[in-house]
Protein chains: 2
Amino acid sequence: MKKSKKRSDCPISCSLDIWGDKWSLIIVRDLMFAKQCTYGDFLKSEEKIATNILASRLYSLEENGIISKSEHPDSKAKVLYRLTQKGIDLLPIMVEINLWADKYYDLPASRKEELKEVKKDKEKYIKLAVKELGN
Amino acid sequence: MKKSKKRSDCPISCSLDIWGDKWSLIIVRDLMFAKQCTYGDFLKSEEKIATNILASRLYSLEENGIISKSEHPDSKAKVLYRLTQKGIDLLPIMVEINLWADKYYDLPASRKEELKEVKKDKEKYIKLAVKELGN
DNA sequence: GCTTTGCACTTGCAATTTGAAAGTGAAATT
DNA sequence: AATTTCACTTTCAAATTGCAAGTGCAAAGC
């Protein structure tokens with residue numbers, strides 16, 4: 001459903017081949033905030049991803065080892081998506097994107113507040129957040 | 001040639017609206033390596049961007065203040081593209097992408113070598129590189 | 001047990017975007 | 001003056017996106 005043949009051996013290019021589109025990192029973001037999401041959770045996000053696009057992105061993110069599916073404790077009808085370690089390791093990238101956007105765009109006050117914490121000690125924040133996501 | 005209406009106020013989403021595609025950061029990468037590029041330089045890159053796509057990306061990157069055009073000292077027929085400060089400030093993101101890819105993919109030895117330097121002292125590397133690009 | 005609802009997708013199709021190739025026009029080179 | 005270089009544009013088929021409706025299984029309600 002998405003072949004993404006490698007365009008080159010460049011690390012930037014390789015990375016973009018996997019998650020370099022308008023939606024993949026939105027899904028990753030949701031998982032970083034919520035730690036685990038159902039298909040329906042993703043659909044509820046502000047950006048309103050189309051359901052077929054969501055399905056194709058979840059498929060390719062799983063194919064590429066960024067996310068994994070697991071069973072929902074309450075119901076067999078539900079599926080839980082989580083980040084793998086490889087997905088969790090995207091966090092430093094996400095943090096830097098946040099900081100860049102914070103510098104150049106008007107963000108909601110709530111987001112700005114959260115980023116204050118990040119800026120205080122980036123390393124520490126990332127370490128803690130990665131740990132939180134890990135278990 | 002690319003309207004990219006904002007999908008939400010989320011910093012990740014805002015950022016992806018601007019450079020969240022398979023090519024924009026490739027162009028930024030080229031500019032970070034070379035500091036300035038002509039249209040032809042971009043076309044020569046390993047990934048072989050199509051010329052119409054290149055034109056549309058250069059346009060939108062300029063529209064969004066990431067790059068700027070300037071005159072080539074040798075010829076009026078040539079155009080030089082450079083990163084603006086806003087573009088230069090994408091460097092931390094690029095560094096983190098490199099480090100992530102380094103962790104999960106086989107990169108050419110030359111790239112790995114460069115990244116060793118980065119890992120020694122990330123902050124220092126970024127500060128220096130940003131300064132270099134700035135003048 | 002039977003129907004209805006919830007959930008995770010899939011399908012169909014129009015509209016947009018991409019990508020390959022050829023073309024254009026101004027500037028530099030021969 | 002003629003050719004080449006350079007920065008794009010144009011054309012058009014193929015791929016991808018996005019919307020809307022549909023499917024099939026699981027769980028909840030009656």
* Taking NZ, NE, NH1 and NH2 as the nitrogens, is one of them in A:Arg7 or A:Asp17 under 4.0 Å from a carboxylate oxygen of the other? -> yes
Expected list for residues 32-44 of chain A near DNA chain C, using heavy atoms below 4.0 Å, is A:Thr38, A:Tyr39, A:Gly40
Legend entry - Basic-acidic side-chain contact under 4.0 Å: A:Asp89, B:Lys103: yes
For B:Lys120, the salt bridge (Lys or Arg N to Asp or Glu O under 4.0 Å) test, sequence neighbours excluded, returns B:Glu117
| request: Report yes if at least one side-chain N or O of A:Trp23 is closer than 4.0 Å to OP1 or OP2 of D:dT17; otherwise report no. | output: no
Carboxylate-amine/guanidinium proximity below 4.0 Å for A:Lys122 and A:Glu96 = yes
Take atom NZ of A:Lys76 as the centre, draw a 6.0 Å sphere, and report whether it contains more than 12 heavy atoms from other residues, nucleotides or ligands.
no
Please produce a list of atom pairs where a protein N or O lies less than 3.5 Å from an N or O of nucleotides 25-30 of chain D.
unit_1: D:dA27; atom_1: OP1; unit_2: A:Lys76; atom_2: N; d: 2.6

Q) Under 4.0 Å between a Lys/Arg side-chain N and an Asp/Glu carboxylate O for A:Lys112 and A:Asp102? A) yes
So the ring-ring contact (aromatic ring centres under 6.0 Å, His included) pairs with at least one residue in residues 112-135 of chain B (sequence neighbours excluded) are none
Point to revise | N or O in side chain of B:Lys69 less than 4.0 angstrom from D:dC8 OP1/OP2 | key: yes
Sorted by chain and residue number, the salt bridge (Lys or Arg N to Asp or Glu O under 4.0 Å) partners of B:Lys69 (sequence neighbours excluded) come out as none
Per-residue pairing states of DNA chain D in dot-bracket (Watson-Crick or G-U under 3.5 Å; . unpaired, | other strand) read ||||||||||||||||||||||||||||||
message: Any side-chain N or O of B:Tyr59 below 4.0 angstrom from OP1/OP2 of D:dA7?
response: no
